Amino acid sequence: MSTTPPPAFELAGIRHRYGARTVLSIPHLAIPRGETLGIIGPSGAGKSTLLRLLQGLERPTEGTIDVDGAPMPHPVPLPLSRRITTVFQRPLMLDRSVRDNVLFGLRVRGIKDRAAADPLLERLGLVHLANARARHLSGGEIQRVALARAMAIEPDVLLLDEPAANLDPANVARVEAFIRDAQSRGTTIVLVTHNTHEARRLAHSTVLLIEGGVVETGPTAALFESPAEERTRAFLAGELVY
Amino acid sequence: MSLTLQVSGLALLIATVLGVPLGAVVGLTRFPGRGLVTLVLYTGMGLPPVVVGLVVYLMLSRSGPFGSMDWLFTPAAMVVAQTIIAFPLVAALTMSAVEGVDPDLRLQVRALGATRWQTGWTILREARIGLTAAIVAAFGGIISEVGAVMLVGGNIEGQTRVLTTAIVLSTRQGDFALAMALGLVLLLLALGANAALLQLQGRAK
C-alpha cells in the first residue's frame, strides 16, 4: 500500500453562514502539505473567511476540516493552533517597538531570543526601524512587519491574506522572495490575493472563489492557461463576473 | 496627612487588585448576565459616598453582621468604605478601556499563538492608558470624599481624622485659615499622586 501523507488540510462539505447568509460553500478542497495554494477571487468572495476557518478562529457551520488527516477540534488545542499562523489583510501592531512585535510569537512560546528579529527585518528592508514604535509605521511597513512577525515563529502552515496589497514593486519582490524561502523550508502556504499575477508566481495550485463558491480549482498553470470554466476565463480576463 | 494617604492608598490598592481583573473579564468575554454586571458596575460608579458610609456603618455597628470585628471608628472601616467606592470605578473604567482595543487585535494575537491568559494580558497592556485613567479617577474619587470616612471613621483626632474631615471640622469651628491650608495640602496630594501615576504610565510605554 502506498503511504501518501495526508494533506495539511482537507475540507469536506463546508457551508459557513453568518446569520441567514451563506458566505462560504466548499464541497471538497485538499491542501497538500508543503505546497502553496493560491485563492483568488473578487472582494467578498469568502477568501478571508476561509483563512479564519483554517486558523481555527471560527468553526464552520457545517462540514469538516481535517488537519493532517484528523478532524480539527474546537476549541483548537494550543499545540495545533501554534503550528498555524495568519498574516491578516489589515495587520494590527501592538503598541511596542517593531522588534518587540516581531518577537511576540516567540515570547508567548517562552522563547527569549531577542536576536531573532533582526535577520527577518533585514530581509524585508526594515532593520533600521527595529526600535521604532510599530504604530507609527506606514501601511506598507506594517504589512512587512506582520509578515516578519508571522515568520519568526517558523509555522508549519502560513495563511497569508493579501500580503503584498499595499506595497511598491521593490517591496513586492522582497515579500515574494521571503515567501519563497518559506516554501523552500516546506511550509504549507495558503495565499489569498486578488492579484492573479501573484498567485501565478507563487502558488502550486489555485482556487477561484466567487460569492463563496468554488468556481474552479487545479494546478496553477493549467487554471491560468486553459481554464475549464467560462467564469474563470472571464475573471482572468478582468471582465465583470459577479 | 499620612493617614489620608494610608487609607486611600490601601483602598485604591485593593480596588485595583479586584477591579482590574473583573473589568478585564467583563470587557473581554461574553457570558450570561454580562449586561447585568455592566449595569451594576456603571451604577456603582455613581454611588453616593455617604450612602456607602451608612451601609458600612450598619454592617460594622455592634448589632450589625460584622459588629464583632470591632472595626467601626477605625481606619480599617474607612478602608472598607473607600474600597467599595473605588472598586466599581476601577472595574467599569477598566472594562471600557479594554473594550476600546480593536477586537481584531485579539484575533491576531491569538493567531500568533498566545493562550487565552496571554491574550488577556496583552490586551490589558494595550489598554494601559485607559487603565491609568481608571486608577487616577478612583484615587481622585476617594481621597476627596468626606461622607463615608466621616460616618464610619468618626473623625477622631489622632486616630481616624483625615484631611477632608479635618477641613469640615475647622470650617465649622471658624478656623478658615487652617481649613484653607488643609485644602491646599489635599490638592497637592492629589496632584502629586496623579503625577506619579502618569509618570508610571509613561514608563510603561
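So that the names make sense, note that chain A is the first sequence line, chain B the second, and so on, each numbered from 1. Quick caveat: nothing in here was measured; it's all calculated off a predicted structure.
The contact between Ile84(A) and chain B is made entirely by backbone atoms, counting heavy-atom distances below 4.5 Å. At a 4.5 Å heavy-atom cutoff, the contact between Val109(B) and chain A is made by backbone and side-chain atoms alike. Both the backbone and the side chain of Gln108(B) have a heavy atom closer than 4.5 Å to some heavy atom of chain A. In this structure, chain B has a heavy atom under 4.5 Å from the side chain of Arg96(A), while its backbone stays farther away.
Going from atom CG of Leu107(B) over to atom CZ of Phe88(A) covers 5.5 Å, rounded to the nearest 0.5 Å. With rounding to the nearest 0.5 Å, the separation of CD in Gln118(B) from CG in Leu78(A) is 7.5 Å. Rounded to the nearest 0.5 angstrom, Leu92(A) CG and Asp104(B) CG are separated by 6.0 Å.
For Arg180(A), the CZ atom counts as densely surrounded, since its 6.0 Å shell holds more than 12 non-hydrogen atoms of other residues, nucleotides or ligands. Other residues, nucleotides and ligands place no more than 12 heavy atoms under 6.0 Å from the CZ atom of Phe66(B). For Arg174(A), the CZ atom sits in a packed shell: over 12 heavy atoms of surrounding residues, nucleotides or ligands are nearer than 6.0 Å. Within a 6.0 Å sphere centred on CZ of Phe73(B), heavy atoms belonging to other residues, nucleotides or ligands number more than 12.
Of all non-hydrogen atoms in Gly56(A) and Arg110(B), the two that sit nearest each other are O-NH2, 4.5 Å. Taking all atoms of both residues into account, the shortest heavy-atom contact from Thr115(B) to Arg82(A) is CG2-NH2, 3.8 Å.
Inspection of non-hydrogen atoms places no residue of residues 135-146 of chain B under 4.5 Å from chain A. Residues of residues 144-165 of chain A lying within less than 4.5 angstrom of chain B, judged on heavy atoms, are Arg149(A), Ala150(A), Ile153(A) in numerical order.
Between Leu94(A) and Leu105(B), some side-chain heavy-atom pair lies under the 4.5 Å cut-off. The side-chain heavy atoms of Arg106(B) and Leu57(A), taken from C-beta on, include no pair separated by under 4.5 Å. Residues Val108(A) and Leu112(B) form no side-chain contact, since every pair of their non-hydrogen atoms from C-beta on lies 4.5 Å or further apart. A heavy-atom distance below 4.5 Å is not found between the side chains of Thr122(B) and Arg107(A).
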